[in-house]
Amino acid sequence: MNLILLGPPGSGKGTQSKILVKNLGLVQLSTGDMLREAVKSGSVIGQKVAKIMDAGELVTDEIINSLIREKLAERNSGFIFDGYPRTLNQADSLEAQLARAGARVDMVIELLVDVDQLIERIVGRLSCVSCGAMFHKTYQPPTIEGICDVCGGDLMQRKDDNEESFRTRLLEYYQKTAPLTGYYHRAGILKHVSSIGSIEEISERIEATIQAG
Ligand code: AMP
């Protein structure tokens, strides 16, 4: 099975992907995480994308499609795509690459949110530099400030989790990514899940949607 989680920044794609990895044995493929790794390692790609990411703009399709190509060379099924595809060009590229391997996107789940709540979710967000576990300053604070409950690593705020970058990311989402709902609706594989409520409630809804096919 290949699953795409679609939704604006802060809608819970990363958090829910990690739960699905644990419960369903899928592999999370987050282009955002891959790009942040590239920035951290100082690679050529990392140097090209750092400023674009900090500003909240989209990285070029060319870079993204090449990152994905490498991953799909290793395997072609069992993925949760998190934050990818984000443009129609990326969706076409994904479809073509999977088709070549005899695979496809089986389901796309759009996480529905209250846009007014997103900013609060985003600016309080913290993630562990070691294991990627997510926390929130107000809604899910770690037991010890700045320290990950899961692995003891340091908690950091993403550079683009500020109000200005968030506004740009939201605009990019509505202009370039939201049209994908039409694309996948037409393919007959689009589902909707409310991303309002507790993390557990949302993950139960997602799993029920997957089971129902
Ligand atoms: P995310 O972690 O998914 O919120 O992504 C963080 C940032 O990485 C985005 O704001 C973009 O700058 C870049 N990015 C991640 N995935 C993509 C993608 N599929 N296409 C273009 N840019 C991306």
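Ligands are counted one by one from 1 in listed order, and the atoms in each one are counted from 1 as well. All residue numbers in this chain count up from 1 along the given sequence. Owing to the predicted nature of the structure, the values given are computational and were not obtained by experimental measurement.
For Glu172, the closest heavy-atom approach to ligand 1 does not fall below 4.0 Å. Within the 4.0 Å heavy-atom shell around ligand 1 one does not find Lys13.
When the heavy atoms of Lys159, Lys176, Met53, Arg86 are ranked by distance to atom 1 (P) of ligand 1, first place goes to Arg86.
Arg100 meets the side chain to side chain contact (heavy atoms under 4.5 Å, CB included) test with Ala96, Gln97; sequence neighbours excluded.
Ligand 1 has no nitrogen or oxygen under 3.5 angstrom from a nitrogen or oxygen of Asp33. Considering backbone and side-chain atoms together, Tyr84 places no N or O closer than 3.5 Å to any N or O of ligand 1. For a threshold of 3.5 Å applied to N or O pairs, the pair formed by Arg36 and ligand 1 contains at least one separation below that value. The shortest N or O to N or O distance between Glu57 and ligand 1 is below 3.5 Å. Looking at ligand 1, you'll find an N or O of Gly83 within less than 3.5 Å of one of its N or O atoms.
Shortest contact from atom 20 (N) of ligand 1 to any protein heavy atom: Gln90 NE2, 2.9 Å. Closest to atom 4 (O) of ligand 1 among all protein heavy atoms lies Arg158 NH2, 3.0 Å. Of all protein heavy atoms, the one closest to atom 16 (N) of ligand 1 is Thr31 OG1, 2.8 Å. The protein heavy atom nearest to atom 14 (N) of ligand 1 is Leu35 CD1, 3.5 Å. Protein heavy atom at the shortest distance from atom 22 (N) of ligand 1 is Val59 N, 3.1 Å.
The heavy-atom pair separating Ser130 from Cys151 by the smallest distance is CB-SG, 3.8 Å.
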